[in-house]
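Below is one structure, written out as structure tokens; comments come after it.
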Amino acid sequence: MALPWLSRSLSGLLLETASLNCQRNFSVSAVAAAIQKMTRVRVVDNSSLGNTPYHRPPRVIHVYTKNGVGKVGDRVLLAIKGQKKKALIVGHKMPGERMAPRFDSNNVVLIEDNGNPTGTRIKVPVPTHLRKLEGDYSKVLAIAGSFV
Amino acid sequence: MAACTKRLDRFIISLRLLRNLQLQNERFLSTSQCLRAAGNDSESPKFVPPSKPVIVDKTQTVASLRKFLSPEFIPPRQRTDPLKFSIERKDMIRRRKVLNIPEFYVGSILAVTMADPNASGKTNSFVGICIQRGGKGLGATFVLRNIINNQGVEICYELYSPRIQKIEVLKLEKRLDDNLMYLRDALPEYSTVDPEMKPVPFSPTGEVPVNKIKVRMRPKPWSKRWERPKFNIQGIRFDLSLTPEQMEHAQKWAQPWLEYDMLKEYDTSKLEEQIIKEVQQEMSK
């Protein structure tokens, strides 16, 4: 009922402001994301860097995607034990595709710059659609124990 | 021995005498009476076909004699044409004729195999406890939860997806709630299901067993405030995690007028009967 009135007023406002600057009249917040900057993650391989206790949990400081959102198969930069290390996301808490698994923790595998894993074994189950990344992360898939 | 043979001889002689007597009597009786007498015997001249052998096909499961209608058949209360729902039901039945979707409830343990191009052997199987059934029509889903290698995994399967190859109910049971999302905040022992579990036999008749287990929770904070009355959860042991003051404080969010709200009423009993009949007719074709 009030909607046509509202839209008319909004269009009026837009017409006024369009001439001055192309400014948005509404605020935009970050999209609900799986893994983004400052998320605490769980390292699931058996590398020493991932498993030695530290007084701060490992956090993501950069996500290597176009938007800042990391899903399974994306590379991220972690801050662990005061050092920077790249990692590969192998599972997140956010529900994704219908038939894909959703994990209870944000899982991550430490990786070198060339894509080789730092650890030698992954005990935790890993989603099967990671196999699509056969070329880059074939060594990570090779050390994976079980697939879900 | 000799005594037995003597008795036998006497028995045979008496039988012969009786038979002779019977024959003589028959000669004097009329033919119609003879026929009637003959008809009373088991070996009558009129051909009686042998009784049909009852074939019990034990390879196929017996259709459930419980009247069960899968919840995704019941259309939601909307302003859409019922034709849309009837066409969707036809498609659902077509799929059900190809793949057997068994009766299951939230709280049952299922094993699902689905086609997966990325998995070895092209198939991927998962065993878990059903924590939620959502969606209506062809988009109906159910979520299975299990804990593998101390990692909780949940998969949301679409019931009518062509990727699903087999759905098997390992244990049929109900729980006190029809949404077990609180298992994410419960101790891991309540969500662990053995992947090599053998199917527990259940009877197709009678009531579905209700598991009245009350689950212990991890310390707060939880993902949702399960103690609040809007979730109406019966299956958690709140006395171990919350004080009575906290329970009372949660009751502040109660909406006691909701059960008397007439606009929210949706009586599906008649609709259900109609749909059950329709579905049974279509399935038997």
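These numbers come from a predicted model, not from an experiment. Naming: A, B, ... by sequence-line order, numbering from 1 per chain.
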Donor-acceptor pair, side chain of B:N149 and main chain of A:K123, under 3.5 angstrom: yes

Exam field: side chain A:R98 to backbone B:Y157, donor-acceptor pair closer than 3.5 Å: no

Is atom [atom1] of [X] surrounded by more than 12 heavy atoms (other residues, nucleotides or ligands) closer than 6.0 Å?
X      : atom1 : result
B:R94  : CZ    : no
B:N150 : CG    : no
B:R225 : CZ    : no
A:K81  : NZ    : yes
A:K37  : NZ    : no
B:K122 : NZ    : no
B:K220 : NZ    : yes

Ionic contact status for B:R145 with A:D104, cut-off 4.0 Å: yes

Which atom of B:I155 lies closest to which atom of A:A100, heavy atoms considered: CG2-O, 4.2 Å

Heavy-atom closest pair, residues B:N124 and A:V148: ND2-C, 3.4 Å

Residue among A:E134, A:K132, A:E97 with most heavy-atom pairs under 4.5 Å to chain B: A:K132

Best-contacting candidate, A:T128, A:V44, A:L130, against chain B by heavy atom pairs under 4.5 angstrom: A:T128

B:Q151 and A:N107: CA distance, side-chain angles, deciding distance, side-chain contact (heavy atoms from CB on, under 4.5 Å) verdict: CA-CA 10 Å; B:Q151 171 72 56; A:N107 299 336; 3.1 Å; yes

Verdict with reasoning, A:R131 to B:S120, per side-chain contact (heavy atoms from CB on, under 4.5 Å): CA-CA 10 Å; A:R131 278 198 207 247; B:S120 55; 4.3 Å; yes

Heavy-atom check, side chain of A:M99 versus side chain of B:I164, under 4.5 Å: yes

